[in-house]
Amino acid sequence: MPLPRPTTCPHCGTEDDVTGRVDDHTGEVELTCGGCGRSWWRGERRCASCGGHDLTTRPQVMRRHSRGNQLSIMGWRDVTLCRACDAAVLDTTRDDHTPIPEEYVSAALIDVNAAPAPPPSPPPAVRPRSSPATKPPSRAAPSPRPPSRPPEPAPPRPPTTVRQALERSQTTLAADGAALDPTVVLLLGQRLGPATRLDGLTAAGHDPASLRAWAEGLWGTGAGAASARRTLTALADHWQRERWTTTDMAAELRPQEDA
């Protein structure tokens with residue numbers, strides 16, 4: 001939505017391309033800069049775990065396997081933390097510029113007090129039917145046992161974070177012949193946060209509308225943005241097809257792609 005007055009981006013200083021989005025649950029406004037792609041909240045924001053206002057930010061390093069098993073730093077992102085609920089990780093930082101671990105999930109963004117989903121109940125036991133008495137079989141030469149088969153490998157566990165999902169999607173889609181723009185994949189990981197849980201994207205302020213505003217701010221809406229939209233929709237399709245997410249993150253980009 002257009003803003004009623006100019007708003008300056010606290011990260012790059014521009015005020016010409018800042019848009020806002022109202023959160024349906026809290027009524028707060030999330031601002032997004034089209035110049036640098038960074039987002040922040042206007043006014044006070046509450047902690048998702050305790051509901052407090054004493055929040056702060058710390059940088060969080062973003063790494064990626066650039067060559068084999070070698071991890072390389074690809075960028076940084078600002079993570080909102082609660083001074084009460086995230087006190088343990090804040091105690092490990094010396095100042096506002098000390099990064100927090102990449103795998104840490106902020107309690108200010110994801111409610112750590114939410115009860116986990118109950119495990120599925122086991123199926124009822126089936127009693128075997130009693131068979132009529134039979135004569136004991138006559139002794140005969142034992143039949144040879146078939147060769148034992150090695151156990152089948154267990155299927156891979158579904159990813160739980162954005163970084164795991166992006167790595168799995170790039171490998172699978174490349175094997176299927178899909179061409180993904182690596183720059184778009186890298187920037188998407190920075191936008192969503194590599195340690196953000198897939199089931200907490202909406203709680204962290206990421207939805208189809210904010211993804212569209214971010215993509216249009218970086219690549220526009222013309223023909224040059226077609227490659228970015230194809231990559232984003234391919235990733236969203238793969239995440240839904242594998243049932244890693246229940247929301248179509250690229251829903252707001254599809255009308256432009258089909259136009």
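Nothing fancy with the numbering, it's 1 onward along the sequence. Below, all heavy atoms of this structure are taken into account, side chains as well, without hydrogens, waters or symmetry copies.
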**Item:** Candidate pair T98 and T92, rule side-chain contact (heavy atoms from CB on, under 4.5 Å), full reasoning
**Value:** CA-CA 9 Å; T98 303; T92 65; over 6 Å; no
**Prompt:** Can you check side-chain contact (heavy atoms from CB on, under 4.5 Å) on L198 and V162, steps first, answer last?
**Reply:** CA-CA 6 Å; L198 294 177; V162 170; 4.2 Å; yes
**Request:** Please check if any side-chain donor atom of R77 sits under 3.5 Å from a side-chain acceptor atom of Q190, or the reverse.
**Result:** no
**R212 CZ to L232 CG distance, which is reported to the nearest 0.5 Å** = 13.0 Å
**Asked** In Å, rounded to the nearest 0.5 Å, how long is the span from CD of E167 to OG1 of T172?
**Response** 11.5 Å
**Request:** Mind listing the closest non-hydrogen atom pair of T196 and L192 along with its distance?
**Result:** OG1-O, 2.7 Å
**Request:** Please tell me if the side chains of E216 and T19 come closer than 4.5 Å, counting only heavy atoms from C-beta onward.
**Result:** no
**Asked** What distance separates L188 CG from T183 OG1, expressed to the nearest 0.5 Å?
**Response** 12.5 Å
**Item:** side-chain contact (heavy atoms from CB on, under 4.5 Å) assessment of T247 paired with L201
**Value:** CA-CA 9 Å; T247 301; L201 287 174; over 6 Å; no
**Request:** Identify the two heavy atoms, one from C47 and one from C82, that lie closest to each other, and give their separation to 0.1 Å.
**Result:** SG-CB, 3.6 Å
**Message:** Between D207 and S210, is there a side-chain heavy-atom distance shorter than 4.5 Å?
**Reply:** yes
**Message:** Return the CG to CD1 distance between L90 and I100, rounded to the nearest 0.5 Å.
**Reply:** 8.0 Å
**Prompt:** Of the non-hydrogen atoms in R191 and H206, which two are nearest, and what is the gap between them?
**Reply:** O-CE1, 3.2 Å
**Prompt:** Any idea which heavy atoms bring P101 and Q60 closest together, and the distance?
**Reply:** O-NE2, 2.9 Å
**Message:** Just verifying a value: how many Å separate W244 CH2 and D199 CG, rounded to the nearest 0.5 Å?
**Reply:** 14.0 Å
**Message:** Give me the atom names and distance for the closest heavy-atom approach of A108 to T80.
**Reply:** CB-O, 3.7 Å
**Asked** Do the side chains of D181 and W219 get nearer than 4.5 Å, heavy atoms only?
**Response** no
**Prompt:** Can R58 and D86 be counted as an ion pair, charged N to O under 4.0 angstrom?
**Reply:** no
**Item:** Salt-bridge criterion met for R168 and E242 (N-O under 4.0 Å)
**Value:** no
**Asked** Taking all non-hydrogen atoms of both residues, which atom of A250 and which atom of T233 are closest, and how far apart?
**Response** CB-CG2, 3.7 Å
**Atom pair OG (S169) and CZ (R241), whose distance is rounded to the nearest 0.5 Å** = 9.0 Å
**Item:** Verdict with reasoning, L166 to W239, per side-chain contact (heavy atoms from CB on, under 4.5 Å)
**Value:** CA-CA 9 Å; L166 288 177; W239 291 8; 3.7 Å; yes
**Request:** State, yes or no, whether a side-chain contact exists between V184 and L235 at a heavy-atom distance under 4.5 Å.
**Result:** no
